[in-house]
Q: 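Once you've had a glance at the structure underneath, I'll fire off some questions.
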Amino acid sequence: MADTIFDKIIKKEIPADIIYETDEVLAFNDISPQAPFHCLIIPKKAIATINDIQPEDAQLIGQLYLAAAEIAKQQGVAENGYRVVMNCNKDGGQSVYHIHLHMLAGKTLGWPPYSDKVKQI
Ligand code: AMP
């Protein structure tokens with residue numbers, strides 16, 4: 001599979017605003033923030049989508065959430081709260097095919113309205 005932009009960030013071939021790094025996980029600020037604080041938490045292992053996660057990746061996926069909790073403390077948003085979300089494929093709004101948690105914080109977050117309901121009746 002061809003390198004995604006996130007592989008290039010992992011290899012430090014292109015710059016990113018890195019805020020957290022371990023041997024297996026990297027987090028950096030999103031280039032197009034959707035909240036006052038918006039970072040991406042990614043495994044260094046290339047996994048394209050949630051559908052491609054294997055049982056042996058379970059611990060790695062757990063590390064993404066442990067990283068989120070650590071970053072929340074570092075950023076001072078743990079108590080007020082935040083949202084983590086991972087998009088999958090077209091309908092989920094995924095644009096980079098290297099799994100990543102979006103972490104959003106710094107304001108009270110809304111939830112998108114489900115306006116398609118009317119069409120289904
Ligand atoms: P998704 O649409 O869920 O795949 O999310 C991809 C995210 O990557 C988007 O929020 C983009 O703004 C973000 N993004 C793309 N390129 C970069 C980059 N070079 N540095 C930081 N964030 C990026």
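Counting starts at 1 for both ligands and their atoms, in listed order. One-based numbering along the sequence shown.
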Q: Which atom pair, heavy atoms only, marks the closest approach of Tyr82 to Ala72?
A: CE2-CB, 3.3 Å
Q: What I want to know is whether Phe28 and ligand 1 share at least one N or O pair that is separated by under 3.5 angstrom.
A: no
Q: Just checking Asn51: does its CG atom have more than 12 heavy atoms from other residues, nucleotides or ligands closer to it than 6.0 angstrom?
A: yes
Q: Suppose I only count heavy atoms of Val96 and a 4.0 Å limit; which atoms of ligand 1 are within that range?
A: 4 (O), 6 (C)
Q: Output yes when a side-chain donor or acceptor of Glu24 lies under 3.5 Å from a complementary backbone atom of Thr22, and no otherwise.
A: no
Q: Would Ile9 count as a polar contact of ligand 1, with the cut-off being nitrogen or oxygen pairs under 3.5 Å?
A: no
Q: Using a strict cut-off of 4.0 Å, indicate which atoms of ligand 1 neighbour a heavy atom of Phe6.
A: 8 (O)
Q: Would you check if Leu101 and Val85 make a side-chain contact, meaning some heavy-atom pair closer than 4.5 Å?
A: no
Q: Which residue and non-hydrogen atom of the protein lie closest to atom 4 (O) of ligand 1, and at what distance in Å?
A: Ser95 N, 2.7 Å
Q: Using a 4.0 Å heavy-atom threshold (strictly under), name the region of His100 that reaches ligand 1: side chain, backbone, both or neither.
A: side chain
Q: Hey, does His38 come in under 3.5 Å of ligand 1, counting only N/O atoms on both sides?
A: no
Q: Using a 4.5 Å cut-off on heavy atoms from C-beta on, say whether the side chain of Asp23 contacts that of Lys44.
A: no
Q: Any chance CD of Gln59 has more than 12 other-residue heavy atoms, nucleotides or ligands included, within less than 6.0 Å?
A: no
Q: Report yes if some heavy atom in the side chain of His102 is under 4.5 Å from a heavy atom in the side chain of Asp30; otherwise report no.
A: yes
Q: Would a 4.5 Å heavy-atom cut-off, applied to side chains only, mark Ile18 and Leu26 as touching?
A: yes
Q: Can you figure out which of Thr4, Ile5, Leu40 has its heavy atom closest to atom 19 (N) of ligand 1?
A: Ile5
Q: Give the residue, atom name and distance (to 0.1 Å) of the protein heavy atom nearest atom 15 (C) of ligand 1.
A: Ile31 CG2, 4.2 Å
Q: Just jot down the ligand 1 atoms closer than 4.0 angstrom to any heavy atom of Asn29, in number order.
A: 21 (C)
Q: One thing to verify: whether Glu21 and Lys12 come together as a salt bridge, which I'm taking to mean a side-chain N less than 4.0 angstrom from a carboxylate O.
A: yes
Q: Does the His98 side chain pair with the main chain of Thr49, one donor and one acceptor, at a distance under 3.5 Å?
A: no
Q: Under 4.0 Å from ligand 1, counting heavy atoms only, is it the side chain of Asn87, its backbone, both or neither?
A: side chain
Q: Is the closest heavy-atom distance from Gly93 to ligand 1 below 4.0 Å?
A: yes
Q: Of all the atoms in ligand 1, which lie at a distance below 4.0 Å from a heavy atom belonging to Ser32?
A: 12 (O)
Q: Looking only at protein heavy atoms, identify the closest one to atom 11 (C) of ligand 1 and say how far it is in Å.
A: Asp30 OD1, 3.5 Å
Q: Which ligand 1 atoms does His102 reach within 4.0 Å, using its non-hydrogen atoms?
A: 1 (P), 3 (O), 5 (O), 7 (C), 10 (O)
